[in-house]
Amino acid sequence: MSEKKGSAYGTPATDTSFRRSYDLDEYASKAKTREAAEKEESKARYEAKLAGKKYYKPMTGSETHTRARRDVIDLEANVGKVTLVPAGAGTGKRGRGAGFYCSACDLTFKDNMQWVEHVNSMQHLRNIGETGEVKKASAEDVHQRIAELWERVQEQKKASATTLKERLEMREEEAAKEREARRLKRQEELAKKKAEREAVEKVKVEYGDDVRIEGEHDEDDMMAAMGITGFGTSKKK
């Protein structure tokens with residue numbers, strides 16, 4: 001009779017205990033919760049459509065009032081840049097594509113007008129956690145706002161003054177560095193000239209009252225050692 005074949009690890013070939021196990025009841029409850037939420041959302045969308053209104057995401061109670069935008073929308077941030085987008089991102093607005101992408105709403109817009117309209121829309125405000133309603137300011141809030149703006153103006157003035165002072169100090173430091181560089185260059189040139197003079201003086205050797213360069217009169221010295229004073233007459237013509 002043939003014996004049952006096992007795996008290389010000594011376990012039966014049909015053993016699948018190494019596979020990941022899933023809690024079916026847990027995933028079934030998650031699916032039911034998701035389906036119920038989708039059903040409720042589709043019902044709310046249908047009722048809003050019948051009433052002639054636009055559907056917005058329901059508020060959770062943690063939203064804040066909408067405030068004035070402090071930052072300027074930069075529409076030229078991606079000019080001249082290359083962006084990698086998925087293959088099927090060229091159609092529709094859903095998902096990330098080439099253009100102005102909103103991560104809160106997962107939408108992409110092709111021109112700046114649509115982008116600005118979307119940033120100011122109720123859909124975007126709800127997705128970023130704002131109610132879309134502006135808090136009515138009281139007299140105390142107005143006074144506090146004026147005080148904040150005044151403090152900001154004073155800080156900007158101080159910052160500009162400090163910046164000017166820093167610029168002057170930086171310019172003074174640069175001028176001092178330039179003067180030091182010129183001084184070091186002059187010292188290097190003087191040291192180089194001094195070294196050249198010393199090298200010339202080392203080559204020169206004093207011979208009696210005359211100053212001669214070493215190696216210049218070697219032939220004359222040899223002839224003098226041999227008793228030869230010269231060739232021909234020394235009479236001047």
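Bear in mind the structure is a predicted one, so any value in this text is a computation, not a measurement.
The two residues Ile128 and Ala104 make their nearest non-hydrogen contact at CG2-CB, 3.9 Å. Between Leu125 and Asn120 the shortest heavy-atom distance is CD1-O, 4.2 Å.
Two residues are said to be in side-chain contact when any heavy atoms from C-beta on lie closer than 4.5 Å; Glu178 and Arg182 meet this criterion.
Rounded to the nearest 0.5 angstrom, Leu107 CG and Tyr101 OH are separated by 8.0 Å. Going from atom CZ of Arg126 over to atom SG of Cys105 covers 12.0 Å, rounded to the nearest 0.5 Å. Atoms CD and CG, on Glu117 and Asn112 in that order, are 10.0 Å from each other to the nearest 0.5 Å. Rounding to the nearest 0.5 Å gives a distance of 13.0 Å between CZ of Arg179 and CG of Leu184. Annotation: the span from Asp106 atom CG to Cys102 atom SG amounts to 8.5 Å, rounded to 0.5 Å. If you take NZ on Lys192 and CD on Glu188, they are separated by 10.0 Å, rounding to the nearest 0.5 Å.
For Gln187, the CD atom sits in a packed shell: over 12 heavy atoms of surrounding residues, nucleotides or ligands are nearer than 6.0 Å.
Salt-bridge annotation for Glu173 and Lys177: absent, with no side-chain N of the basic residue lying under 4.0 Å from a carboxylate O of the acidic one. For Arg45 and Glu41, the salt-bridge test passes: some basic side-chain N is under 4.0 Å from an acidic carboxylate O. Salt-bridge check for Glu196 with Lys193: failed, with every basic side-chain N at 4.0 Å or more from each acidic carboxylate O. A salt bridge links Arg183 to Glu180: at least one charged side-chain nitrogen sits closer than 4.0 Å to a carboxylate oxygen.
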| task | Any chance you could lay out the side chain to side chain contact (heavy atoms under 4.5 Å, CB included) test for Arg197 and Lys194, step after step, and finish with the verdict? | result | CA-CA 5 Å; Arg197 286 198 303 269; Lys194 184 177 180 182; 3.9 Å; yes
| field | Step-by-step side chain to side chain contact (heavy atoms under 4.5 Å, CB included) determination, Glu38 to Arg34 | value | CA-CA 6 Å; Glu38 291 176 354; Arg34 186 182 69 253; 3.7 Å; yes
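Within the cation-pi definition used here (under 6.0 Å to the ring centroid, within 45° of the axis), Lys30 qualifies as a partner of Tyr27.
Cluster annotation: Val119 is connected to Phe109 through the hydrophobic network of ILVMFWY side chains, with a link wherever side-chain heavy atoms come within less than 4.5 Å.
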